[in-house]
Amino acid sequence: QAQLVESGGGLVQAGGSLRLSCAASGLTFSRYSMAWFRQAPGKQREFVAGIARDGISTYSAESVKGRFTISRDNAKRTVYMQMNSLKPEDTAVYYCAAGVSPGPSAVYTNWGQGTQVIVSS
C-alpha cells in the first residue's frame, strides 16, 4: 500500500527557515512526479512546488519563487522542500503528493497526511 509521510513542520519566526521531507513507501518512487501543496485555514488547497521524476524540471508557485526549493533523492525515496524567508502567510498544512506530472494542474494519485507549518510575525 502506497504511503507518503511528511515531516519537518513546526513553529518558526518570520524570516526563518524550515526543511520539509516526505518519505515514500509502497510505490515505485522514481516513476512519479512529486509535489507539495498547502492549505491555510479557510482557504482552498494550493499548489506550491513540483518536481519531475528525474529531478531536473521543477515548478513553483509565484508566491514562493526565490524562497522555496523542491528537490528529491530517488535512492532515499524522499522529496524535500527547503523553505527560506518564511512569511506569516506561509502558515498552512503542507502536503506532499505523487502524480503523473509535476505541474499544478496534474493528477495526483497519492497524498500524505500533512505537516503543520506556523510562521509567527
Report the residues that fulfil ring-ring contact (aromatic ring centres under 6.0 Å, His included) with Tyr94, sequence neighbours left out, ordered by chain and then residue number.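 If we apply the ring-ring contact (aromatic ring centres under 6.0 Å, His included) test to Tyr94, skipping adjacent residues, there are no hits.
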Residues which pass ring-ring contact (aromatic ring centres under 6.0 Å, His included) with Tyr59, listed by chain and number, not counting sequence neighbours: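 Checked Tyr59 against ring-ring contact (aromatic ring centres under 6.0 Å, His included); zero matches.
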Is the side chain of [X] donor-acceptor paired with the backbone N or O of [Y] at a distance under 3.5 Å, no angle test?
X: Arg72; Y: Phe29; result: yes
X: Tyr108; Y: Pro102; result: yes
X: Glu6; Y: Cys96; result: yes
X: Arg31; Y: Leu27; result: no
X: Gln44; Y: Gln39; result: no
X: Asn74; Y: Arg53; result: yes
X: Glu46; Y: Arg38; result: no

Atom [atom1] of [X] and atom [atom2] of [Y]: how far apart are they, to the nearest 0.5 Å?
X: Ser71; Y: Met34; atom1: OG; atom2: CE; answer: 11.5 Å
X: Gln82; Y: Ser21; atom1: CD; atom2: OG; answer: 9.5 Å
X: Gln116; Y: Thr91; atom1: CD; atom2: OG1; answer: 7.5 Å
X: Ser121; Y: Gln13; atom1: OG; atom2: CD; answer: 9.5 Å
X: Asp54; Y: Ser33; atom1: CG; atom2: OG; answer: 8.5 Å
X: Leu20; Y: Thr78; atom1: CG; atom2: OG1; answer: 12.5 Å

Going by heavy atoms in the side chains, are Leu4 and Tyr95 under 4.5 Å from each other?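 Contact flag for Leu4/Tyr95 side chains = no.
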Looking at side-chain heavy atoms only, is the closest gap between Asp90 and Met83 below 4.5 Å?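 Not touching, per the 4.5 Å side-chain cut-off.
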Under 6.0 Å between ring centres: does that hold for Trp111 and Phe37?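 Judged by ring-centre distance (under 6.0 Å), Trp111 and Phe37 do meet the cut-off.
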What residues form a side-chain contact (heavy atoms from CB on, under 4.5 Å) with Val12, not counting sequence neighbours?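 If we apply the side-chain contact (heavy atoms from CB on, under 4.5 Å) test to Val12, skipping adjacent residues, the hits are Leu18, Leu86, Val119.
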Can you see which heavy atom on Pro88 is nearest to which on Ala14, and at what distance?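 Here Pro88 and Ala14 meet closest at CD-CB, 4.1 Å.
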Path from Trp36 to Val64 over hydrophobic side-chain contacts below 4.5 Å: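 Same cluster: Trp36 reaches Val64 through Ile, Leu, Val, Met, Phe, Trp or Tyr contacts under 4.5 Å.
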If you draw a 6.0 Å radius around CD in Gln113, do more than 12 non-hydrogen atoms from other residues or ligands fall strictly inside?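 Atom CD in Gln113 is not packed in, count stays at 12 or less.
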